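Here is the structure we will look at, set down as structure tokens.
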Amino acid sequence: MNWILLIIAGLFEVVFASCLGKAKEATGNEVYWWYTGFFVALAISMSLLIKATQTLPIGTAYAVWTGIGAVGTALVGILFFKDPASFWRVFFLITLIGSIVGLKAVSQAA
């Protein structure tokens with residue numbers, strides 16, 4: 001169950017990072033809505049990370065959480081913010097995904 005919470009926490013990390021990207025592009029009062037989304041997603045992500053680390057090793061949980069956030073944010077950047085999708089960028093995203101899966105596979109906590 002805590003692995004599921006950790007994955008959801010990582011997805012909310014993607015949300016809060018994406019809100020920062022949208023806030024940068026926004027004008028007027030719309031900026032405040034994106035910053036509100038940022039803070040709400042940040043609070044949810046951190047709360048779920050805290051809950052997950054009660055049973056999962058902190059090093060593994062943090063690495064998986066940041067890995068999900070990094071991969072997810074990079075993909076959102078490519079798909080929605082016109083970030084470059086070069087061969088090497090995609091290659092290293094795939095290796096990062098492999099590392100996340102590997103950490104889960106060798107983790108002692110269930």
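No hydrogens, no waters, no symmetry mates; every other heavy atom, side chains included, goes into these values. Predicted model only: the values in this text are computed from it and were never measured.
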Check side chain to side chain contact (heavy atoms under 4.5 Å, CB included) between [X] and all other residues, then give those that pass, not counting sequence neighbours.
X	result
Ile58	Thr53
Leu20	Tyr35, Phe38
Thr95	Phe91, Phe92

Acceptor/donor pairs from residues 23-31 side chains to any protein atom, 3.5 angstrom cut, sequence neighbours excluded:
| from | atom 1 | to | atom 2 | distance (Å) |
| --- | --- | --- | --- | --- |
| Glu30 | OE2 | Trp34 | NE1 | 3.1 |

From [X] [atom1] over to [Y] [atom2], what is the distance, rounded to the nearest 0.5 angstrom?
X	Y	atom1	atom2	result
Cys19	Phe39	SG	CZ	11.0 Å
Ile8	Lys51	CD1	NZ	13.0 Å
Leu49	Leu42	CG	CG	10.5 Å
Asn2	Thr55	CG	OG1	3.0 Å

Determine all donor-acceptor pairs shorter than 3.5 Å in which one atom belongs to a side chain in residues 64-76; sequence neighbours excluded.
| from | atom 1 | to | atom 2 | distance (Å) |
| --- | --- | --- | --- | --- |
| Trp65 | NE1 | Ala9 | O | 3.4 |
| Trp65 | NE1 | Ser45 | OG | 2.9 |
| Thr66 | OG1 | Tyr62 | O | 3.0 |
| Thr66 | OG1 | Ala63 | O | 3.1 |
| Thr73 | OG1 | Gly69 | O | 2.6 |

Hey, quick one: are Leu5 and Ile50 part of the same hydrophobic cluster, counting side-chain heavy atoms closer than 4.5 Å, chains of contacts allowed?
no
In this structure, would Leu79 and Phe81 fall into the same cluster of hydrophobic residues linked by side-chain contacts under 4.5 Å?
yes
Whether the side chain of Ser107 engages the backbone of Leu103 through a donor-acceptor N/O pair (distance < 3.5 Å, no angle test) should be reported.
no
Would a 4.5 Å heavy-atom cut-off, applied to side chains only, mark [X] and [Y] as touching?
X	Y	answer
Leu93	Ile78	yes
Leu6	Leu48	no
Ile7	Ile4	no

Would you find more than 12 non-hydrogen atoms of other residues, nucleotides or ligands less than 6.0 Å from Tyr32 atom OH?
no
With sequence neighbours left out, which residue pairs that include part of residues 74-87 fulfil the side chain to side chain donor-acceptor pair (under 3.5 Å) condition?
none
